[in-house]
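These numbers were taken from a predicted model, which means no experiment stands behind them. Ligands are counted one by one from 1 in listed order, and the atoms in each one are counted from 1 as well.
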Amino acid sequence: MTSRIFPESFVWGSATAAYQIEGAAREDGRGPSIWDTYSHTPGRTYNGDTGDVAADHYHRWSQDLDHVAELGLGAYRFSISWPRVQPGGAGRFNQAGLDFYSRLVDGLLERGVRPVATMYHWDLPQELEDAGGWPVRETALRFEEYAAGIVAALGDRVHTWTTLNEPWCSAYLGYASGVHAPGRTEPAAALAAVHHLNLAHGLAGRVVRELAPTAELSVTLNLHVIRPESDSPADADAVRRIDALANRSFLGPMLGGAYPADLLADTASVTDWSFVRDGDEKVAGVPLDVLGVNYYSSTLVRAWDGQSARSDADGHGASAHSPWVGADDVDFLPQPGPHTAMGWNIDPAALTGLLLRLRQEYPGQPLMITENGAAFDDVVSADGRVHDERRVDYLRRHIAAIADAREQGADVRGYFVWSLLDNFEWGYGYDRRFGIIRVDYDTQERTWKDSAHWYRRLVETGRLDQLPG
Ligand code: IFM
């Protein structure tokens, strides 16, 4: 048990992403992204929901930033919509789009809130997907050009530039299992996407270093904590294989200088990795000021004997196609509850373990929790409030887990709750609510849930030990 007290310097924030909240999908020159196409394709999202209107943040950004300020947050993590600022994904920039983010950044600074901008949270301009998408190298080069445009426009007003959000999802869910845009199910393409995302990260990182030398540079990874069903060597090998795909395919080039040899060997029947050119891994290894970690739940695996029934309970949506390229002999097992409304297990101790692993493997690398939170089936009570005690409990336990890791030496500098607002939860549409602030999608009214009140008190005091719940 730790003191559960965070220092003044610890950064408390909340996170959002452009396509999930902005709406205004066809306004002021914004072009289409792969998520517009995907969500408008029948059968792809729950209820046919799209991000066309979402939480209407494009028009309500100022009031939304007032909420950020009233929560007392020191930082706000948002993403820039590539098709809003560079509609075709190449060439001409859209001044109206740049102006929107310029107002947003200034609005944060006026409120004393540190802007943390993610360059890419999954909304690839459709034209670039039509030209091949992330499996082709040219997309990484286009990303470098896009990065140069936004850093030139917003540069040093942005405190932290985060190149990519969860490239694991972009590559494996977008191109292998197909449960995310662009919905392709091509295992070799998914691995090529992994590499071009790593390359894009490095190229954009160099741009930040050149054009905004005082800004901090980061990337956000959704690192997996993978446990074996038993202590058998076969299950240990299943963990190793999934760890290579989930974690080390990004950590390797970004922080370790190269792709891990076992990843290349495990996937040799899928691709020869000839898309990796000399010098690419060095580019991807641009030094980071902070590594962003997104964490929600843990993963339980076993080696599959090829005969017994499979569980395939990896919680990433129903698809006949696995995101786990080249790992058909690994089975994903259901985990004991309680679960969130996503069906994800609640395992705060795994977060402590993850942070300590990172400390051990990448000593001296500062860390930030750039997303953590939970969807639950919120109810508006007769008193008009949302008593989301399960979300409060989830947050409290995970923040305590971070305190535990800090106490054991992990250099975790901040925490961003996912999410500020209820929003478009990708394939799940508006059916899953992650916000600490409720959005009534009929009226666009915002209502603080109990978790928002709780979080405000935590941010104010920096002490978990004196908070109820
Ligand atoms: O909503 C997403 C977010 O866009 C990326 N990280 C996980 C969240 C919850 O699924």
Side-chain angles (χ1 to χ4, degrees), residues 13-23 33-36 38-39 45-46 49-51 54-55 57 76-82 116-124 162-174 177 179-181 197 218-225 246-247 250 291-299 314-319 323 339-347 350-351 354 368-378 388 391 394-395 398 415-439 451:
S14 68
T16 62
Y19 190 71
Q20 296 183 269
I21 62 166
E22 285 181 4
S33 81
I34 55 174
W35 267 98
D36 294 289
Y38 187 84
S39 66
T45 64
Y46 171 83
D49 289 346
T50 74
H57 173 74
Y76 174 64
R77 174 173 178 252
F78 62 97
S79 81
I80 295 174
S81 161
W82 187 350
V116 176
T118 302
M119 295 178 175
Y120 185 73
H121 199 124
W122 307 351
D123 41 2
L124 185 71
T162 301
T163 55
L164 305 174
N165 176 74
E166 301 183 354
W168 183 88
C169 297
S170 304
Y172 297 105
L173 300 185
S177 69
V179 299
H180 275 194
L197 285 154
S218 75
V219 66
T220 278
L221 303 178
N222 57 319
L223 297 172
H224 290 59
V225 180
N247 301 327
F250 301 103
L291 172 65
V293 175
N294 289 359
Y295 175 81
Y296 291 88
S297 63
S298 60
T299 302
D314 68 351
H316 287 106
S319 169
H339 299 98
T340 69
M342 297 298 283
W344 299 345
N345 68 313
I346 299 175
D347 188 353
L351 174 57
L354 171 62
M368 199 59 110
I369 303 300
T370 39
E371 284 182 32
N372 173 245
F376 287 109
D377 295 328
D378 296 324
D388 59 337
R391 185 174 290 104
Y394 180 99
L395 298 179
H398 285 79
Y415 176 90
F416 291 73
V417 65
W418 183 269
S419 181
L420 178 70
L421 304 170
D422 288 338
N423 59 53
F424 175 77
E425 178 53 25
W426 308 110
Y428 298 92
Y430 297 99
D431 191 48
R432 308 292 159 88
R433 293 176 177 271
F434 274 91
I436 58 170
I437 297 178
R438 179 181 173 82
V439 175
S451 54

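Looking at heavy atoms from C-beta onward, Thr370 lies out of side-chain contact with Thr162 at the 4.5 angstrom threshold.
Residue contact annotation: His121 has a non-hydrogen atom under 4.0 Å from ligand 1. The closest approach between Trp344 and ligand 1 falls below 4.0 Å for a heavy atom of the residue.
At distances below 3.5 Å, at least one donor-acceptor pair connects side-chain atoms of Ser419 with backbone N or O atoms of Ala15. Between the side chain of Asn247 and the backbone N or O of Leu223, no donor-acceptor pair lies under 3.5 Å.
Between Tyr19 and Ser79, the side chains place no donor N or O within less than 3.5 Å of an acceptor N or O (distance only, hydrogens not considered).
A search for ring pair (Phe, Tyr, Trp, His ring centres under 6.0 Å) contacts involving His398 returns Tyr295, Tyr394, not counting sequence neighbours.
For the pair Asn294 and ligand 1, the shortest N or O to N or O distance does not fall below 3.5 Å. Considering backbone and side-chain N/O atoms, Trp418 comes within less than 3.5 Å of an N/O atom of ligand 1. The N/O atoms of Trp426, backbone and side chain alike, include one that comes under 3.5 Å of an N/O atom in ligand 1.
A side-chain contact (heavy atoms from CB on, under 4.5 Å) with Trp426 is found for one member of Tyr46, Tyr38, Trp122 and no other, namely Trp122.
The shortest contact between atom 6 (N) of ligand 1 and any protein heavy atom is with Glu371 OE1, 2.5 Å. Of all protein heavy atoms, the one closest to atom 10 (O) of ligand 1 is Glu425 OE2, 2.6 Å.
Within ligand 1, the atoms closer than 4.0 Å to a non-hydrogen atom of Gln20 are 1 (O), 3 (C), 4 (O), numbered from 1 in the order shown.
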